[in-house]
Enquirer: 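Before I ask anything, here is the structure I am working with.
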Amino acid sequence: MAAGRAFLCAPACIGATARRLAFASPPIRPPASASHRRAGARARCCATISSSDASTSAPPPSYVITTPLYYVNAPPHMGSAYTTIAADAVARFQRLLEKRVIFITGTDEHGEKIATSAEASGRNPKEHCDIISNSYKTLWADLDIEYDKFIRTTDPKHEAVVNDFYSRVLSNGDIYRADYEGLYCVSCEEYKDEKELAENNCCPVHLKPCLPRKEDNYFFALSKYQHKLEELLTRNPNFVRPSHRLHEVEGWIKSGLRDFSISRASVEWGIPVPNDTKQTIYVWFDALLGYLSASLDDGEQASLQQAVDRGWPASLHLIGKDILRFHAVYWPAMLMSAGISVPDAVFGHGFLTKDGMKMGKSLGNTLEPKDLVDRFGVDAVRYFFLREVEFGNDGDYSEERFINTVNAHLANTIGNLLNRTLGLLKKNCNSMLAFDSIAAADGNSFKNNVENLVDKARGHYENLSLTSACETILEIGNLGNLYIDEQAPWSCFKQGGESAEKAAKDLVIILEAMRIIAIALSPITPSLSLRIYTQLGFTEDQFSTLRWDDTKWGALKAGQAMMEPKPIFAKIETEVEEKGQASPKEGKGGK
């Protein structure tokens with residue numbers, strides 16, 4: 001038996017060094033930090049242009065994705081983290097397609113609510129904004145978020161863009177001065193129609209009474225753009241996604257658009273109106289322009305036209321459904337007034353709920369993402385919310401469901417499959433591959449099944465169906481587990497001869513599938529995918545330069561050495577399980 005194993009593994013060892021020299025070597029890049037990883041991703045996106053053909057080849061297509069600019073009245077919560085994790089997954093996928101990705105996020109730092117929050121904390125508004133904005137950056141690092149631009153609406157470059165934009169819209173005749181009286185929600189920073197309010201004039205989102213307010217303000221002539229917005233939605237029904245959000249927007253427009261106030265006389269913490277310094281620009285008319293000002297570099301002479309030329313229009317605005325009206329109605333009309341192209345698409349996802357209620361800082365029922373990361377790890381957090389909350393719909397958080405899902409999918413289906421396969425390879429082949437993965441899978445339908453699932457996963461990513469992408473990639477793992485159980489390579493190795501040779505091929509087949517899973521799942525769980533990839537004998541630098549095309553079957557080569565098998569995702573133990581381990585009578589072992 002031992003001799004059979006030695007004979008079988010000889011092809012994996014003889015000439016292994018020569019085979020390794022044939023591997024494509026990626027450029028050396030500094031590992032570890034998020035900034036280095038972002039640089040590697042950007043280099044990968046531009047890798048198709050070499051110095052010899054740069055003058056003749058077109059640059060890679062750009063893909064600009066944005067999250068909302070988050071309001072800094074309080075530190076970030078799971079609702080804002082969810083949007084950003086989803087945007088990061090989309091951005092990572094687009095980078096795998098070799099797009100020139102610009103991923104924009106940031107913080108919205110003006111308005112009445114900010115000044116009130118700062119006063120309550122005993123700080124001036126700028127100090128308050130600095131602290132909260134930094135807390136977002138810290139959390140994004142904890143969540144493996146690789147953004148390209150982080151804009152703060154208190155940045156000087158942003159104020160310059162806002163002033164230019166206001167002046168351009170004013171010159172177009174779309175700003176006028178008038179009195180306004182209505183019911184105002186401070187949390188939304190928005191006047192509300194009485195027909196949309198709950199009992200006692202409460203905001204339906206924040207469940208707080210809206211206050212009567214009368215002001216002398218400047219207004220934007222939104223009603224002037226009603227027909228143009230209708231034409232936009234007719235011409236491009238994918239402008240608002242998913243489709244049920246489009247129907248909402250169509251309903252708002254059909255009911256008739258009213259001009260809206262774009263300044264506040266009672267709010268000091270904001271950008272002064274260029275032609276009237278006694279008023280400040282309305283927080284939404286200010287904040288939406290962050291998607292443009294983000295493209296500019298700090299310290300340069302900023303202008304609106306520079307911002308437009310750097311990276312506009314946006315490919316995708318990713319937002320929560322509660323701010324859909326601002327992005328799908330107000331924002332495109334503002335851009336039309338200024339003579340600027342509208343974004344390609346706006347996607348309004350659902351709410352994360354807890355006990356059936358939307359999570360929000362104003363409601364005081366938030367789920368702390370940092371606590372989840374500290375307890376369960378970043379891969380578990382990213383995977384659960386992108387896999388279990390169907391993108392576009394509401395989703396409820398349950399800790400029991402969280403633990404059951406990540407244990408079943410990441411620890412068992414994926415982690416255990418890799419661990420036991422590498423264990424068998426170590427025991428029977430000294431952790432060395434005996435065959436190329438193409439040769440190992442010759443005539444095997446498993447390869448075709450994996451390739452079909454990879455194609456399906458790509459389609460789901462492209463359609464922003466992140467839950468379906470996760471399900472499809474996990475199905476590769478399910479097929480792998482079924483295959484290895486049916487083929488039973490541990491028994492075949494004991495038989496020696498042709499059976500042992502087939503077993504060695506089966507291990508290569510499973511490990512090639514694991515390599516493909518690592519790439520396909522990397523937009524969702526980048527750290528987990530890196531751990532898988534390095535256990536397969538690749539380097540972090542090689543991982544950082546992967547493309548979606550690398551999901552093509554055939555990268556594993558005979559003679560390639562695998563790493564020592566180590567668990568890539570530790571199963572989350574529940575309190576009941578821990579007690580069961582301490583006292584067998586309480587667990588399965590006691591029966």
Enquirer: Quick one: do Arg531 and Asp379 make a salt bridge, cutoff under 4.0 Å?
Expert: yes

Enquirer: Kindly indicate whether the side chain of Ile568, heavy atoms from C-beta on, has any atom under 4.5 Å from the side chain of Ile414.
Expert: yes

Enquirer: Looking at Lys447 and Glu451, does any basic side-chain N land under 4.0 Å from a carboxylate oxygen?
Expert: yes

Enquirer: Restricting to ring pair (Phe, Tyr, Trp, His ring centres under 6.0 Å), what partner residues turn up for His327, sequence neighbours left out?
Expert: Trp284, Tyr291, His317

Enquirer: Would Arg375 and Asp371 pass as an ion pair if we require N to O under 4.0 Å?
Expert: no

Enquirer: Is Arg458 reaching over with its side chain to a backbone N or O of Ala469, donor-acceptor style, under 3.5 angstrom?
Expert: no

Enquirer: When you compare the side chains of Thr353 and Asp394, does any donor N or O come within less than 3.5 Å of an acceptor on the partner?
Expert: no

Enquirer: Does one side chain, of Asn463 or Arg241, offer a donor that lies under 3.5 Å from an acceptor on the other?
Expert: yes

Enquirer: What orientation do Tyr147 and Phe150 show, parallel under 30°, tilted 30 to 60°, or perpendicular over 60°?
Expert: tilted

Enquirer: Does a donor on one side chain and an acceptor on the other come within less than 3.5 Å for Ser522 and Ser529?
Expert: no

Enquirer: Check whether any side-chain N or O of Arg95 sits under 3.5 Å from a backbone N or O of Arg547 as a donor-acceptor pair, and report yes or no.
Expert: no

Enquirer: Does any non-hydrogen side-chain atom of Val454 lie less than 4.5 Å from one of Trp548?
Expert: yes

Enquirer: When the aromatic ring centroids of Tyr70 and Trp140 are compared, is their separation below 6.0 Å?
Expert: yes

Enquirer: Charged N to carboxylate O under 4.0 angstrom, Arg100 versus Asp148?
Expert: no

Enquirer: Would you say the ring centers of Phe402 and Phe376 fall short of 6.0 Å from each other?
Expert: yes

Enquirer: Determine whether a donor-acceptor pair (N or O, by modelled atom type, separation under 3.5 Å) exists between the side chain of Thr107 and the backbone of Ser133.
Expert: no

Enquirer: Testing Ile65, Val101, Leu316 one by one against Gln94 for a side-chain contact (heavy atoms from CB on, under 4.5 Å), which residue passes?
Expert: Val101

Enquirer: Can you check whether Thr472 reaches Leu453 side chain to side chain, under 4.5 Å on heavy atoms?
Expert: yes

Enquirer: Side chains of Asn449 and Tyr483: is there a donor and an acceptor less than 3.5 Å apart?
Expert: no

Enquirer: Can any side-chain N or O of Glu512 pair as donor or acceptor with the backbone N or O of Gly554 at less than 3.5 Å?
Expert: yes

Enquirer: With side chains defined as the heavy atoms from C-beta onward, is the minimum distance between Asn481 and Arg420 less than 4.5 Å?
Expert: yes

Enquirer: Quick one: does any side-chain atom of Asp88 pair with a main-chain N or O of Thr84 as donor and acceptor, under 3.5 Å?
Expert: no

Enquirer: Tell me if a side-chain donor or acceptor on Arg382 pairs with a main-chain N or O of Thr525 at a distance below 3.5 Å.
Expert: no

Enquirer: With sequence neighbours excluded, what pairs up with Glu564 under the salt bridge (Lys or Arg N to Asp or Glu O under 4.0 Å) test?
Expert: Lys426

Enquirer: So, do Leu536 and Gln560 sit near enough that their side-chain heavy atoms are less than 4.5 Å apart?
Expert: no

